[in-house]
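Since the structure is predicted, the reported quantities are computational estimates derived from the model, not experimental observations. Residue numbers begin at 1 in each chain, while the letters A, B, ... track the order of the sequences.
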There are 2 protein chains.
Amino acid sequence: MSQHQPTGDGPPAAPSGGAPARGGSHPGPGPAGRGDTAGALPRPTLESVAERAGVSRATASRVVNGGAGVRASLREKVQRAVDELGYVPNLAARTLVTRRNQAVAVVVSEPESRLFSDPFFAKHLRGISRELSAADNQMVLLLIEDQADFERVGRYLGGGHVDGALLFSLHHSDPLPDIARRVGLPFVIGGRPGWPGAESDRELTYVDSDNRGGGRIAVQHLQSLGRTRIATITGPLDQTSSVDRLDGYRDLLPDGDPDLIAEGDFTPDGGGRAMAELLARRPDLDAVFAASDAMASGALRVLREAGRRVPEDVAVVGFDDVEQIAAWTDPPLTTVRQDIEDMGRLMARLLLRRLTGQTDTTGRRGPTSVITPTRLVVRGSA
Amino acid sequence: MSQHQPTGDGPPAAPSGGAPARGGSHPGPGPAGRGDTAGALPRPTLESVAERAGVSRATASRVVNGGAGVRASLREKVQRAVDELGYVPNLAARTLVTRRNQAVAVVVSEPESRLFSDPFFAKHLRGISRELSAADNQMVLLLIEDQADFERVGRYLGGGHVDGALLFSLHHSDPLPDIARRVGLPFVIGGRPGWPGAESDRELTYVDSDNRGGGRIAVQHLQSLGRTRIATITGPLDQTSSVDRLDGYRDLLPDGDPDLIAEGDFTPDGGGRAMAELLARRPDLDAVFAASDAMASGALRVLREAGRRVPEDVAVVGFDDVEQIAAWTDPPLTTVRQDIEDMGRLMARLLLRRLTGQTDTTGRRGPTSVITPTRLVVRGSA
DNA sequence: ATGAAAGCGCTAACAT
DNA sequence: ATGTTAGCGCTTTCAT
C-alpha cells in the first residue's frame with residue numbers, strides 16, 4: 001500500500017541509553033508529590049478537592065458545576081482547592097451518571113477521490129467545529145472508507161460515546177441513518193436525503209443548499225450570455241445534490257438534447273472525461289455547466305487541449321465557489337456559490353438544539369430542515 | 001460573519017402539526033418491550049445479559065471481552081443473550097475502571113488560510129484515521145482557530161477523554177506540547193519541533209519528512225537544468241518545515257544572493273506576493289523553488305502575468321506533490337513529493353505503540369522519531 | 001445551604 | 001471455570 005516505509009515499521013531498535021522511564025500506565029499509589037517529570041501522577045478526584053476544602057463531595061460537585069446554591073465563602077474555598085490541585089473532572093464518571101457526553105460524531109462517508117480533491121469537506125468541518133465548540137461540545141470525526149467501516153462506525157454510534165451525529169454525503173443506500181435511528185441517536189443530515197419516503201419523514205432533519213435553484217442560476221447566466229447549446233456535467237446521480245442541480249438545469253432547458261448531459265463524479269478527472277464525451281457528441285456546444293468547481297477545472301483543461309477558448313468559444317460555469325479551485329483556474333471560474341461553512345454551522349446548531357431538549361412536553365420540536373441559498377459569482381469563465 | 005443566515009437562526013417557528021414526540025432524553029423505566037419506534041429505550045446492561053444467560057456478571061463480562069477461560073456452552077449462552085438484547089457495553093463505565101478510552105485526539109492548529117487551501121490536512125487525517133481505526137481507536141479531531149481555543153483544547157486533553165494526542169503544525173510558541181506533558185498525556189508531533197532544546201529531548205516523538213533533503217533535491221534539479229539564478233519562496237519561518245527546506249536550498253547555494261529569498265505563508269496568495277517581490281528584486285532570475293505547491297501555484301500565476309514563460313524563462317519547482325494542485329496548474333508542477341498520508345499513519349502507529357505499553361520494565365521504549373524520505377516528481381514546470 | 005448515601009455499568013481481584 | 005465483591009469518580013436525591 002504505502003510507497004515507502006522508512007524507519008519505524010518493524011519492531012524498532014531500542015534507543016541507545018537506558019532512558020529513565022516516564023512511569024508506565026500504572027497509576028500506582030505512589031507518593032502524591034508531583035515529582036518533576038515523573039509521569040502518570042494520580043489525578044486528583046473530587047473527593048480530594050472536597051477534603052482539602054473541608055467540605056463534602058456534594059458541595060464540591062456543586063461548585064465545580066456552577067456553584068448555584070453554595071455560600072460564597074465555601075465556593076471560594078473549593079475553587080482554591082481546585083486550582084491548587086489542578087483538578088479536572090473525570091468525564092467518564094460524569095457521563096456514567098449524567099448520560100451526557102458533550103460530544104458529537106461527524107460521519108463522512110465519501111470515497112477518497114472526492115474527499116481529497118475538494119476543500120468542500122474541510123469547510124464543512126470548520127463550520128461544524130466552530131458551532132460545536134462554542135457550545136463546549138467535542139467533535140468526533142468518523143471517516144468511512146469502505147463497507148467494513150460501517151460496522152465499526154455503527155458500533156461506535158451505538159456505544160454511547162456521543163450524544164448525537166452529523167451525517168454527510170449520504171448515498172441512496174447508506175445504512176447510517178437507519179443505524180442511528182435504531183440506536184436512538186439524534187442526528188442531522190447534510191444534504192437532502194434521497195431514499196424513498198425520506199422527503200415526507202417529519203423525523204428527518206437535514207441541511208441542504210438550494211441546489212436546484214443554483215442549477216437554474218447557472219443556466220440562466222449562460223443563456224443571458226446568448227449561449228444556446230448549453231451542456232452540463234453532473235455529479236454522481238446517486239446523490240441528491242447531483243440530481244437537484246441537474247433538475248435546475250432541466251427547469252430552464254426542458255427540451256434539451258440528452259447528448260448535452262454527461263455524468264461526472266465530482267473529481268477533476270471525472271469532469272475532464274465527461275467534457276471529452278460531450279465534445280465528441282456535440283462539437284458545437286457553446287457552454288457548459290459543471291456541477292462542481294472540481295469538475296469544472298477538469299473540463300477547462302480538456303477544453304484547452306481541444307483548442308477551445310474559454311469563455312469565447314465555450315462559456316463555463318461551476319458550482320461551489322471553492323476559492324482554492326475557482327480563483328485559480330485559467331480563466332478564473334464563474335460559479336454558483338454555496339456557503340459551505342455556514343451549512344456546517346447550521347447542521348451543528350440544529351443538532352444541538354435538539355440535544356438541549358427543545359422538545360417540550362407537548363412533543364413539539366424546532367423546524368426540521370433548512371435550505372440555504374445559492375448565488376452566482378462571476379469571474380472570467382462565463 | 002456568515003454571509004447569509006437563511007432560516008433557522010432565531011428561535012424557529014414550531015412545525016405545524018403536533019408531531020408525536022420521540023421520547024425525550026429521559027431514560028424512563030418504561031416497559032422493556034422494544035416498542036416500534038418508541039424512543040430512548042433503556043439500554044440493556046451487562047447485568048441484564050448475565051441474568052438472561054443465567055450466569056454472573058463477571059462471566060458475562062469475560063465473554064464480552066473475548067471470552068477467555070469460559071466454557072464454550074456458557075460462552076454461547078451469553079453470546080445469545082447479547083444478541084437478543086442488542087447489548088452494547090457502556091463505554092463510560094468501562095473507561096471509568098480500565099482508564100482506557102480507545103480514543104486519540106488529533107489537534108490541528110493552523111490558521112484558516114492554509115487549512116483550507118491545502119489538501120495536505122485531509123491527507124494527513126486519512127492516514128491517521130486508517131491506522132487508528134485498524135486498532136479500534138477513535139479519532140477525536142480538535143481544531144484550533146484562535147488563542148482562546150488553546151484553553152478549551154487544553155482542558156479537553158487534560159479531561160481524560162483520550163489516551164493520547166497527535167499534534168500538528170506547531171509553531172515555535174505553541175503551548176500544546178507543554179500542556180500535554182503537564183497532564184501526562186502521551187503525544188506524537190507532526191513535523192520537527194523547533195523550540196530550544198527540543199532537538200535533544202529524548203522524550204519527544206515526532207514524524208517529519210526530509211524537508212532539508214527535499215530542498216536539496218529541488219535545487220539540484222534546477223541546477224541540472226542549467227539554471228544559475230535560482231530563487232526560493234519559503235514558508236513562514238516560524239515553522240521548522242520552512243526553515244529546513246530553506247536550509248536544503250542553502251546547502252547547494254551557500255553563497256546565494258539574499259535577494260533571491262522571499263518569505264511566503266504557504267498560501268497561493270502569499271506565494272504570488274513573494275514571487276512579485278523576487279521579480280522586482282532580481283528580474284534576471286531563471287528559476288524558483290517554492291516551498292509548497294500552493295505557493296508555487298501563486299507564483300505561476302504571477303509569472304504568467306509578468307509575461308515569463310514557464311519553464312522556458314523561469315523553471316519552477318514546488319513541494320508536497322499535492323495532486324489537486326500540482327497536476328492541475330499550467331504547466332503541471334514539477335515538485336518534491338512527500339507522502340503525507342504515510343506520515344499520518346506513522347504518527348498514529350508511533351502513538352499506539354506507546355499506548356499499548358511498549359514501555360517494558362527496563363524503561364526502554366521504541367525509537368522516538370522518524371524522518372520520511374522525499375523525492376522529485378517531474379512534470380512540466382521544470 | 002450542606003452533608004450522607006445511593007448508585008450509574010463496568011472490570012478485576014479474590015474467593016471458591 | 002465461575003461467582004462474589006469492591007470499587008472507578010461522579011451526580012443527585014433525600015435528609016438535615
- prompt: Reading nucleotides 2-11 of chain D 5' to 3', which nucleotides get B (base under 4.0 Å from a protein heavy atom), which S (sugar-phosphate only), which -?
  reply: BBBBB-BBBB
- prompt: In whole angstroms, how far is the C1' atom of C:dG9 from the CD atom of B:E51?
  reply: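 Answer to the nearest Å: 15 Å.
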field: Considering all heavy atoms, the nearest B:L96-A:A93 contact
entry: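 Closest approach of B:L96 to A:A93: CD1-CB, 3.6 Å.
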message: Looking at every heavy atom in both A:K77 and A:A53, which two are closest together, and how far apart are they?
response: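 That closest heavy-atom pairing would be CD-O, 3.6 Å.
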For [Y], does its backbone N or O pair with a side-chain atom of [X] as donor and acceptor, under 3.5 Å?
X: B:T95; Y: B:L91; answer: yes
X: A:N101; Y: A:G160; answer: yes
X: B:S133; Y: B:D136; answer: no

- prompt: Under the side chain to side chain contact (heavy atoms under 4.5 Å, CB included) criterion, do B:L350 and B:T205 qualify, and how do the steps go?
  reply: CA-CA 8 Å; B:L350 248 33; B:T205 302; 3.7 Å; yes
message: As a test of understanding, state which of A:Q102, A:R99, A:R100 forms a side chain to side chain donor-acceptor pair (under 3.5 Å) with A:D163.
response: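 Among the candidates, only A:R100 passes.
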- request: Assess whether side chain to side chain contact (heavy atoms under 4.5 Å, CB included) is satisfied between A:L346 and A:R349, documenting all intermediate values.
  value: CA-CA 5 Å; A:L346 243 26; A:R349 203 176 302 162; 3.7 Å; yes
- prompt: So what is the end-to-end bend of the helix from C:dA1-D:dT16 to C:dT16-D:dA1, with 5 pairs used at each end and the value given to 10 degrees?
  reply: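 Rounded to the nearest 10 degrees, the bend comes out at 40°.
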